[in-house]
Amino acid sequence: NPETGKNFSLRVLPAKQDNEIPPAAELVVTKHGAGGAGAEQLRKFLDPPTDGTPAEYTTDGEYSLFLEYGTYSFEAKDEKWHCPGILESVVWEPRTQPSASIVLAAQSDLDAKTALITLGWAGNPLEIDLCLKGQDGTVVASTKENKPPAIKNVKVENVASNGFGPKVISLAQPIVGNFRVYVQSKGATDVNLAAANCNVTIVLYTGIWRNFQLKVPQPEVLTQRP
């Protein structure tokens with residue numbers, strides 16, 4: 001029923017461009033009840049269907065399904081990758097972008113001296129920048145940014161655009177200081193980042209995997225154009 005929902009697609013993307021084998025994640029979709037009521041698990045995807053089921057997978061790593069409007073969480077799991085990748089509390093309503101992405105880092109890309117900051121978002125807008133600001137300057141993961149990183153031991157790993165991302169910045173230990181992580185869009189002036197399902201994750205290895213997710217505040221009323 002198009003009055004109660006519409007199709008939503010989610011991509012599971014590798015953090016680094018040189019990963020030849022993309023993650024084949026199990027995706028768990030959970031719908032949360034109004035006012036914090038009990039959660040309802042909707043679907044699990046393990047592998048692309050082999051029985052000819054239509055419209056479930058439009059591309060490798062993309063999961064498509066009809067979702068009624070509401071609040072959802074998505075969790076991607078793959079044993080060969082840092083997981084779970086989590087996208088929480090997505091407010092799904094007519095003015096929200098009908099897509100999102102989760103970025104996973106291969107376990108081989110992380111060790112006790114490495115941290116990754118990743119950004120995934122919806123299919124629109126095509127370009128969003130991931131930024132790390134420290135006392136020595138600002139590092140920007142952007143297709144429009146060509147200058148060397150301004151912070152020692154910080155590297156731009158991925159600047160994929162055309163929607164979804166990912167944008168990825170890595171930090172090599174030891175690194176000390178206070179940093180600010182934020183996203184920005186320098187393109188169209190009518191972009192509403194709260195409607196673009198931005199998902200920034202900081203992935204650390206400290207003996208155990210730790211995952212920190214930064215969320216763009218969701219306004220009560222979105223102003224994204226239909």
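Fair warning: this is a prediction, and the values are worked out from it, not measured in the lab.
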*Asks:* Please check: side-chain N/O of Glu40 versus main-chain N/O of Gly33, any donor-acceptor pairing under 3.5 Å?
*Replies:*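 Not a single qualifying donor-acceptor pair exists.
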
*Asks:* Would you say Lys16 has more than 12 foreign heavy atoms packed within less than 6.0 Å of its NZ?
*Replies:*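 Yes, NZ of Lys16 has more than 12 neighbouring heavy atoms, counting only those of other groups under 6.0 Å.
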
*Asks:* Measuring from atom CD1 of Ile128 to atom CD of Gln184, what distance do you get when rounded to the nearest 0.5 angstrom?
*Replies:*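 Answer rounded to 0.5 Å: 10.5 Å.
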
*Asks:* Out of curiosity, does Leu13 fall in the hydrophobic cluster containing Val203 (side-chain heavy atoms, cut-off under 4.5 Å, transitive links)?
*Replies:*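 No, separate clusters.
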
*Asks:* What is the distance from atom CD of Glu68 to atom NZ of Lys31, rounded to the nearest 0.5 Å?
*Replies:*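 Here the interatomic distance stands at 4.5 Å.
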
*Asks:* So, taking the atom named CD1 in Ile102 and the one named OG1 in Thr201, what distance separates them when rounded to the nearest 0.5 Å?
*Replies:*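 Ile102 atom CD1 to Thr201 atom OG1 measures 8.5 Å (nearest 0.5 Å).
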
*Asks:* Out of curiosity, Phe164 CZ to Asn199 CG, how far, rounded to the nearest 0.5 Å?
*Replies:*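 It is 13.0 Å, given to the nearest 0.5 Å.
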
*Asks:* Please determine if Arg11 and Glu62 form a salt bridge, counting it only when a charged side-chain N lies under 4.0 Å from a carboxylate O.
*Replies:*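 Between Glu62 and Arg11 there is a salt bridge, with a charged N closer than 4.0 Å to a carboxylate O.
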
*Asks:* Are the side chain of Asp136 and the backbone of Lys152 linked by a donor-acceptor contact shorter than 3.5 Å?
*Replies:*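 Side chain of Asp136 to backbone of Lys152: no pair is present.
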
*Asks:* Let me confirm one number: the CZ-CD1 distance from Phe179 to Ile202, rounded to the nearest 0.5 Å.
*Replies:*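 Phe179 atom CZ to Ile202 atom CD1 measures 11.0 Å (nearest 0.5 Å).
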
*Asks:* Can you confirm whether or not the ring centre of Phe8 sits under 6.0 Å from the ring centre of Trp92?
*Replies:*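 Yes: the rings meet the under 6.0 Å criterion.
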
*Asks:* Kindly indicate whether the side chain of Leu119, heavy atoms from C-beta on, has any atom under 4.5 Å from the side chain of Cys198.
*Replies:*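 Sidechains of Cys198 and Leu119: in contact.
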
*Asks:* Applying the 4.5 Å side-chain criterion to the ILVMFWY set and letting contacts propagate, would Val139 and Leu204 be lumped into a single cluster?
*Replies:*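 In one cluster: yes.
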
*Asks:* Kindly compute the distance separating NZ (Lys113) from CG (Leu171), expressed to the nearest 0.5 Å.
*Replies:*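 The CG atom of Leu171 is 15.0 Å from NZ of Lys113, to the nearest 0.5 Å.
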
*Asks:* Hey, are the side chains of Val28 and Phe74 touching, using non-hydrogen atoms and a 4.5 Å cut-off?
*Replies:*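 Side-chain contact under 4.5 Å: no.
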
*Asks:* Between Lys6 and Glu93, does at least one N-O distance fall below 4.0 Å, as a salt bridge requires?
*Replies:*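 Glu93 and Lys6: not salt-bridged.
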
*Asks:* Quick check: do Leu193 and Val183 have side-chain heavy atoms less than 4.5 Å from each other?
*Replies:*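 They are in side-chain contact.
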
*Asks:* Run the side-chain hydrogen bond (donor to acceptor under 3.5 Å, both in side chains) check on His32 and Ser89 step by step: do they pass?
*Replies:* CA-CA 8 Å; His32 301 280; Ser89 303; 5.7 Å; no

